[in-house]
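Just so you know, these numbers use all the heavy atoms, side chains as well, and skip hydrogens, waters and symmetry mates. As the structure lists them, so they are numbered: ligands from 1, and atoms in each ligand from 1. Residue numbers start at 1 and run along the sequence shown.
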Amino acid sequence: MEISTENNWYKNFNLLIFDEIDSTNEEAKRLCHAGIKENFIIWAKSQTKGKGRQGKKWISPENNLYLSLLIRPNCTASEATNFSFLAAIAAGEAIKENSINCNSLEYKWPNDLMFNKKKFGGILLESSLKSNSEHIDWLVIGIGINIFSYPMENIQYPATSLKEAEIDISCEKLLGDLMKNFAYYYKKWEIEGFENIRLKWIEKAMNLGKVITINTNQYYKLWKPQY
Ligand code: BTN
């Protein structure tokens with residue numbers, strides 16, 4: 001199956017495809033450290049050292065989607081966190097476009113994609129500051145989506161896959177549609193800022209207005225998020 005090029009997103013991104021890699025985020029960072037200045041998408045069919053948040057592993061067998069976007073937005077480190085929400089919307093909308101019933105699709109703060117209250121996708125941001133500046137030099141947005149399978153052991157929260165949610169979509173189709181949406185929202189962010197993206201995310205936010213427990217690894221905290 002071919003990757004959709006709607007919106008001409010491919011004109012602003014170089015695409016690297018690997019059958020297997022340690023971690024697409026690590027490959028993106030290797031490109032940064034080699035001085036690459038262009039936008040890149042690194043897509044791997046499987047990962048041997050996939051990384052999740054808080055030092056967790058992201059088990060990465062074939063037939064799920066693993067990609068990292070390398071971009072250099074003009075923003076501070078704190079503004080760069082906008083891209084976790086932007087990427088979640090890009091993925092969520094792509095899935096909605098390919099499914100008849102997506103009422104149970106939700107975004108969970110800070111960067112989880114949920115179906116029927118179970119996690120099927122996650123986003124891992126990594127960035128580096130320019131020297132003597134509050135602005136970032138580069139940003140890597142790692143996106144993992146369980147299309148076909150999901151981990152059953154050693155998981156903190158219930159997991160699922162798009163297949164289990166009866167959403168039939170290939171990696172290529174999801175990648176193309178996600179990138180089409182990402183390019184659209186990235187441009188919107190550059191022109192209008194974060195507000196409309198924030199509102200779009202809130203429309204489908206899980207636990208909105210509820211007090212939530214955050215596990216920071218060091219301690220548990222009760223907190224009411226201000227989105
Ligand atoms: C999370 O903990 O929810 C974030 C998971 C992010 C996984 C993706 S898969 C592609 C990219 N490469 C990695 O090693 N991690 C991210």
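None of Phe194, Trp109, Trp189 except one satisfies the ring-ring contact (aromatic ring centres under 6.0 Å, His included) rule with Phe85; the exception is Phe194.
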Note every protein N or O atom lying under 3.5 Å from an N or O atom of ligand 1, pairing the names and giving the distance.
unit_1   : atom_1 : unit_2 : atom_2 : d
ligand 1 : 2 (O)  : Arg53  : N      : 2.7
ligand 1 : 3 (O)  : Lys119 : NZ     : 2.6
ligand 1 : 12 (N) : Thr24  : OG1    : 3.0
ligand 1 : 12 (N) : Gln47  : OE1    : 3.0
ligand 1 : 14 (O) : Ser23  : OG     : 2.8
ligand 1 : 14 (O) : Lys51  : N      : 2.7
ligand 1 : 15 (N) : Lys51  : O      : 2.7

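With Tyr157 as the aromatic partner, Lys108 meets the cation-pi criteria of under 6.0 angstrom to the ring centre and within 45 degrees of the ring axis. Cation-pi geometry between Lys45 and Trp43 is satisfied (NZ or CZ under 6.0 Å from the ring centre, within 45° of the ring normal).
A parallel orientation is assigned to the rings of Trp201 and Tyr107, their planes being inclined by less than 30° (bins at 30° and 60°).
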Derivation and outcome, side-chain contact (heavy atoms from CB on, under 4.5 Å), residues Ile95 and Leu105: CA-CA 9 Å; Ile95 293 162; Leu105 190 152; 3.7 Å; yes

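One distance of note links CG of Leu175 with CD1 of Ile3; it measures 5.0 Å at 0.5 Å rounding.
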